[in-house]
Amino acid sequence: MKIKILALVIILSSSFSFAQTKLADKFFENYGYVKAIELYEKAVEKGDKSEHVLTRLGDAYYNNSNSAKAAYWYNEALTEHDNIEAEYIYKYIQSLRSVGKYEEADVWFRKLSDAQQGDSRLKGYNPDEIDIFDKLTSKNNDVIVTVENLPFNTENSDFGSYLFNKTLYFASASSDDNKVYNWNKEPFLDIYQVNVTTEDNGTESYGSPSEITAKGINSDYHEASIAITNDGQTMYLTRDNTNKRNRLKYDDKGTTHLQIYKATLINDQWSEVEELPFNDNLSSTGHPTLSPDNKILYFVSDREGGFGQTDIYSVEINEDNTYGIPENLGPNINTEGREMFPFVSDDNTLYFSSDGHLNLGLLDIFKSDILKADIASDPINIGAPFNSGYDDFAYFIENETQKGYFSSNRPEGKGGDDIYSYTITECNQQITGVAKEDRTDIILAGVTVQLIDETGKIIEEVLTKEDGAYLFDVECNKTYTVLGSKPDYKEDKGVLITNSENEKVHTLDLTLRPLIKDDQIVINPIFFDFDKSNIRTDAEYELENIVDVMRKHPEMVIKIESHTDSRGRDKYNLKLSDRRAKSTRDYLLSREINPKRIESAIGFGETQLLNKCSNGVKCSEEEHQLNRRSYFYIIDKTKE
């Protein structure tokens, strides 16, 4: 007999734990993490250490930004169970790092790396989970990039923008010269300039482009890709290798190469054009760009000893205007393919184009921190809209304004290569609203309003003041849930999807229903399965509102009344409603409500119908439902 009783206790305990877990799951799925934590922890106390409960506890704390507790429960899950999903290991690592346990985090990082080869969070790309093209063409929710095809682009090639003192320099094959380049049957490239004016609204307007007329800059052949020193006195440019008679020079194989030249500004005219000493008659050298302090010149060359077709090199510029020995930037930047068009921004970020690194097709623009002290990270593809399936190159940016230019031969352009301007602005939107009381529209102060992202994580929380208003700054192109709660009120929530419109304000008002009305605690109807009196999970979810109110008011005493509709025999309905009332009471007692605080739990069957639907009267299901109800009356002890 004792064995049977023990077995019965175990079964009942297991059943209770299972029911609590189901209820906790419902709160978790509705972002009620505090309540979910309480119920999950209660389940653990009763012996439920399943993977589901332990990882859900970790997630509940993680989503609520309690890293220490999240780390504890993820650790419990990893201790109790083998083969935990990588997602939880990753969150465990994040939680450990958050609380400063870097060494322990690194141990798990290595374990995850060994077990999860190619994980996108570890390697940046997981072919089993992420399509690289989707990744590189997806929008950055934090910024808006506005791209414009410049008005002076021609049907021929225009590329390689460089902005200096409100003058934009670029290469163009728009010359009227009859001499054409056999490669593309376009005129040879010359360097042009155009004045740039910034309007009051921040937009740029452009004058009429004109060819640089300074002697020795533009020749009968190619010139392109310039860089100008900070003092404006020296220009570096790329041009075809020519002799003193301005004729092309060829190597033994009949190939003419590119070289870098230097020009000096004298009396507002570029002159004294001279070839740089590290040029090579057997290979090409071009695409010059300068470090922010002008002490290093970076360039592109296909000279021997490189890693691929063309590599990026650096050379020191000495104080006496001599040059050091060119150095290859190494395999972190250069590949077996083409690395071209380097540009170094004011913050010492290296931008360049490559078809050897992972890309969308042909040349893509990349950035790297390799020039910054002690940083040797892999190049990053800057993605769309800068990159496309075509050649994208010659990136230029002003860090202060976050404006710049790039070139591309994408098909929507005007010619072979076109110049595009771009502006990068942070995409900011807001969600605002007012918390009100249901039906009365009374403004509610003291409402806790939580902003929850699409993963379920609470990312911000505010408390409404006298005006009932709340305001959140949010990212573009994301889904958010806004949840409002207040003691003695039923919470309200709404879902909102932001778009790509910068500075847009979304309005989402919250309407909270009072749980206490006159002498009752009012909740949604408690539903029971047909002909049964056991408390379902959805009923438990509603009854937790009663638990919250009674915890908030520890002196409160209630009585429970349960009613049925008229279908069925009168005596049976009376007994059924009484069982349901007592099941409701028992649930509240299981949530540690003192029995003395529940004066009575009585069923009244069909004796107090709210409408005409008595025995024999034909009524709809909705009309019968109105009679199936429970009341929770507040007893005023002061009147006794």
Side-chain angles (χ1 to χ4, degrees), residues 160-165 167-171 190-191 193 212-219 221-246 249 257-306 310-330 333 340-352 370-373 394 396:
S161 310
Y162 189 91
L163 185 66
F164 186 84
N165 285 348
T167 299
L168 183 66
Y169 299 87
F170 63 97
D190 283 330
I191 297 173
Q193 61 186 23
I212 290 181
T213 57
K215 184 178 180 180
I217 296 296
N218 288 328
S219 68
Y221 304 102
H222 285 311
E223 290 80 30
S225 301
I226 75 162
I228 300 175
T229 54
N230 296 334
D231 61 8
Q233 298 302 301
T234 304
M235 174 191 289
Y236 295 92
L237 67 143
T238 305
R239 61 186 292 184
D240 276 330
N241 187 11
T242 59
N243 58 27
K244 293 181 179 180
R245 291 182 293 178
N246 197 29
K249 292 173 65 174
H257 298 284
L258 299 176
Q259 293 191 338
I260 299 178
Y261 288 74
K262 179 176 74 170
T264 303
L265 189 68
I266 299 176
N267 297 326
D268 295 328
Q269 288 290 320
W270 293 109
S271 58
E272 298 185 0
V273 179
E274 61 182 271
E275 180 183 341
L276 296 192
F278 52 82
N279 287 321
D280 186 343
N281 289 328
L282 300 178
S283 59
S284 286
T285 302
H287 303 171
T289 191
L290 291 160
S291 62
D293 60 7
N294 291 178
K295 292 181 179 181
I296 300 176
L297 182 71
Y298 299 91
F299 63 91
V300 174
S301 180
D302 60 356
R303 61 189 59 196
E304 288 188 8
T310 56
D311 283 9
I312 300 175
Y313 291 78
S314 66
V315 63
E316 291 187 6
I317 303 174
N318 301 319
E319 291 184 3
D320 61 358
N321 289 323
T322 61
Y323 299 86
I325 299 174
E327 296 183 3
N328 191 296
L329 289 191
I333 297 296
M340 309 172 73
F341 296 97
F343 170 74
V344 182
S345 64
D346 291 339
D347 66 356
N348 218 30
T349 300
L350 172 66
Y351 295 89
F352 64 97
I370 195 171
L371 306 183
K372 300 177 182 179
F396 177 93

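Computed from a predicted model, the values in this text were never measured in an experiment.
- Atom OG in S225 sits 5.0 Å away from atom CZ in F341 (nearest 0.5 Å).
- By the 6.0 Å contact criterion, CD on E274 is enclosed, its count of non-hydrogen atoms from other residues, nucleotides or ligands being greater than 12.
- Between the side chain of D280 and the main chain of L282, a donor-acceptor pair closer than 3.5 Å is present.
- Listed by chain and residue number, N318, T322 satisfy the side-chain contact (heavy atoms from CB on, under 4.5 Å) test with D320 (two or more places apart in sequence, or in another chain).
- Once rounded to the nearest 0.5 Å, the distance linking CD1 of I191 with CG of L237 reads 4.5 Å.
- Between the CH2 atom in W270 and the OG1 atom in T264 there is a gap of 8.0 Å [rounded to 0.5 Å].
- Judged by distance alone, the side chain of N294 and the main-chain N or O of N230 form a donor-acceptor pair under 3.5 Å.
- Put simply, the side chain of H287 does not reach to within 4.5 Å of the side chain of T310, judged on heavy atoms.
- Not one N or O on the side chain of T238 forms a donor-acceptor pair closer than 3.5 Å with the backbone of G286.
- To the nearest 0.5 Å, atom CD of residue E272 and atom OH of residue Y261 are 16.0 Å apart.
- When the shell of 6.0 Å around CD of Q233 is examined, it contains more than 12 heavy atoms from other residues, nucleotides or ligands.
- Looking at heavy atoms from C-beta onward, F164 lies out of side-chain contact with I226 at the 4.5 angstrom threshold.
- A distance-only check finds a donor-acceptor pair linking the side chain of Y162 to the backbone of I228 [under 3.5 Å].
- Side-chain contact between R303 and D311 is absent, with no heavy atoms from C-beta onward closer than 4.5 Å.
- Residues T229 and Y236 have side chains in contact (heavy-atom distance under 4.5 Å, counting atoms from C-beta outward).
- Counting heavy atoms from C-beta on, the side chains of D190 and I212 never come closer than 4.5 Å.
- In this structure, the side-chain contact (heavy atoms from CB on, under 4.5 Å) partners of N279, at least two apart in sequence or on a different chain, are Q259, I260, E275, L276, T285.
- Side-chain N or O atoms of S301 include one that pairs as donor or acceptor with a backbone N or O of S284 at under 3.5 Å.
- With sequence neighbours excluded, the residues satisfying ring pair (Phe, Tyr, Trp, His ring centres under 6.0 Å) with Y323 are F278.
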